[in-house]
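Naming: A, B, ... by sequence-line order, numbering from 1 per chain. These values consider heavy atoms only, across backbone and side chains, with no hydrogens, waters or symmetry-generated copies.
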Number of protein chains: 2
Amino acid sequence: MANPSAECSIQQTLDVIGDRWMLLIIRNLFRGARRFGELEEDLGIAKNLLAARLNKLVGAGIAERVPYQDRPVRHEYLLTQKGRDLSPSLVALMKWGDRWCNEGSAPTVLVHADCGTPLMQVTHCPTCDDSLDPGQIRSRPGPGAQEALR
Amino acid sequence: MANPSAECSIQQTLDVIGDRWMLLIIRNLFRGARRFGELEEDLGIAKNLLAARLNKLVGAGIAERVPYQDRPVRHEYLLTQKGRDLSPSLVALMKWGDRWCNEGSAPTVLVHADCGTPLMQVTHCPTCDDSLDPGQIRSRPGPGAQEALR
DNA sequence: CATAGTCGGTTGCAAAAATAAACTGACTCA
DNA sequence: TGAGTCAGTTTATTTTTGCAACCGACTATG
């Protein structure tokens with residue numbers, strides 16, 4: 001094994017989406033962007049990088065390439081379930097930015113589609129039926145662990 | 001403004017901790033690593049990069065450098081509140097990796113320090129008092145927005 | 001006392017990645 | 001016919017990374 005932390009899911013996640021552009025592209029896909037030019041313009045990313053990243057996203061099964069016209073064939077990019085499942089990560093990163101980069105004033109807020117209420121994200125203990133702060137969280141090796149990770 | 005998404009908290013967050021190493025370093029600080037050599041060995045990161053990243057973390061107020069000996073002065077690195085507040089982001093990324101990179105078998109699980117129960121992370125609507133999935137989440141400009149971000 | 005080892009870096013260099021800009025190919029529209 | 005659009009690809013330049021060697025202050029060993 002290359003390094004002692006390779007078994008960690010955080011590491012594996014970052015191997016896939018942990019570069020400078022991936023999460024921003026995914027964020028824009030969440031916001032409804034679908035086309036190459038749309039992503040390019042909004043993100044200000046170089047075309048070659050965007051092409052490479054989109055290929056990686058499709059290869060990883062996070063987005064899918066769907067044709068939206070022929071002559072010439074043009075595709076749009078849609079998040080798969082795997083991609084949509086990154087929502088909590090983006091929400092968490094956004095919340096952190098709201099609090100620590102914008103003094104609590106959120107440039108964008110996430111709301112419940114049904115009722116419009118701004119949402120909260122919480123770590124929850126099903127046994128105690130309570131929400132926790134970081135000091136109450138411990139990590140320990142799970143069923144897939146090869147070695148103690150503390 | 002350089003690019004249209006600059007106002008977004010996700011962007012600002014990634015500007016600070018969005019490179020290949022930052023979140024891994026922070027993860028190890030969460031796990032109790034404190035010293036330069038400890039981080040270096042566990043992560044397999046080059047010394048110069050680790051030094052640069054730790055300086056950036058300290059500069060950003062995410063970690064603090066605390067002397068643990070004199071002759072010669074040596075420091076250890078501890079997460080600040082700002083750093084500890086990245087916990088939900090790391091949890092969310094870890095959960096995603098558990099599900100999509102390890103077929104649901106978690107190499108590391110997070111448990112409630114008090115009762116040992118594995119934890120859940122949920123997006124919660126305070127009005128409806130219910131947890132939501134991504135399809136029920138919409139983003140809209142908040143109080144700090146300069147422009148419509150959809 | 002000399003020598004080796006540890007710890008936490010810094011420096012220099014080659015390789016890899018990001019960026020910017022020009023170019024391509026298949027089409028549409030005037 | 002000619003310009004424009006869209007989705008890339010290619011090429012050249014700049015920046016970042018990764019690796020290895022070195023450094024300075026000390027400690028431990030013979």
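- For the pair A:Thr80 (side chain) and A:Gly61 (backbone), a donor-acceptor distance under 3.5 Å is present.
- Between B:Ala51 and A:Lys47, it is B:Ala51 whose nearest contact on DNA chain C lies nearer the 5' terminus.
- Axis angle across the helix from C:dC1-D:dG30 to C:dA30-D:dT1, with five pairs used at each end and values rounded to 10°: 0°.
- The line from CG of B:Asp114 to CZ of A:Arg138 is 8.5 Å long, rounded to the nearest 0.5 Å.
- Every residue two or more places apart in sequence or in another chain that forms a side-chain hydrogen bond (donor to acceptor under 3.5 Å, both in side chains) with B:Asn55 is listed here: B:Arg65.
- Residues satisfying the side-chain hydrogen bond (donor to acceptor under 3.5 Å, both in side chains) test with B:Gln81, not counting sequence neighbours, are B:Arg84.
- Scanning both residues, A:Asp130 and A:Leu132, for their nearest heavy atoms gives O-CD1, 3.3 Å.
- A donor-acceptor contact under 3.5 angstrom links the side chains of A:Tyr68 and A:Arg35, judged on distance only.
- Listed by residue number, the members of residues 66-80 of chain A with any heavy atom below 4.0 angstrom from DNA chain C are A:Arg71, A:Pro72, A:Arg74.
- B:Ala46 comes within 4.0 angstrom of a base, heavy atoms only.
- Protein chain B contacts DNA chain D over a range whose 5' and 3' limits, counting nucleotides with an atom under 4.0 angstrom from a non-hydrogen atom, are D:dT17 to D:dC26.
- Here the straight-line distance linking atom CG of A:Asn102 with atom CE of A:Met94 works out to 10.0 Å at 0.5 Å rounding.
- The CG atom of B:Asp85 lies 10.5 Å from the NZ atom of B:Lys82; values are rounded to the nearest 0.5 Å.
- The CG atom of B:Leu14 sits 10.5 Å away from atom OG of B:Ser9, with the distance rounded to the nearest 0.5 Å.
- With B:Glu38 contributing its side chain and B:Arg34 its backbone, the two residues share a donor-acceptor pair below 3.5 Å.
- The nucleotide range of DNA chain C contacted by chain A, defined by atoms under 4.0 angstrom from heavy atoms of the protein and reported 5' to 3', is C:dA18 to C:dC27.
- Atom CZ of B:Arg99 sits about 12.5 Å away from atom OG1 of A:Thr13, to the nearest 0.5 Å.
- At distances below 3.5 Å, at least one donor-acceptor pair connects side-chain atoms of A:Gln69 with backbone N or O atoms of A:Pro72.
- The CZ atom of A:Arg53 sits 6.0 Å away from the CE atom of A:Met22 when rounded to the nearest 0.5 Å.
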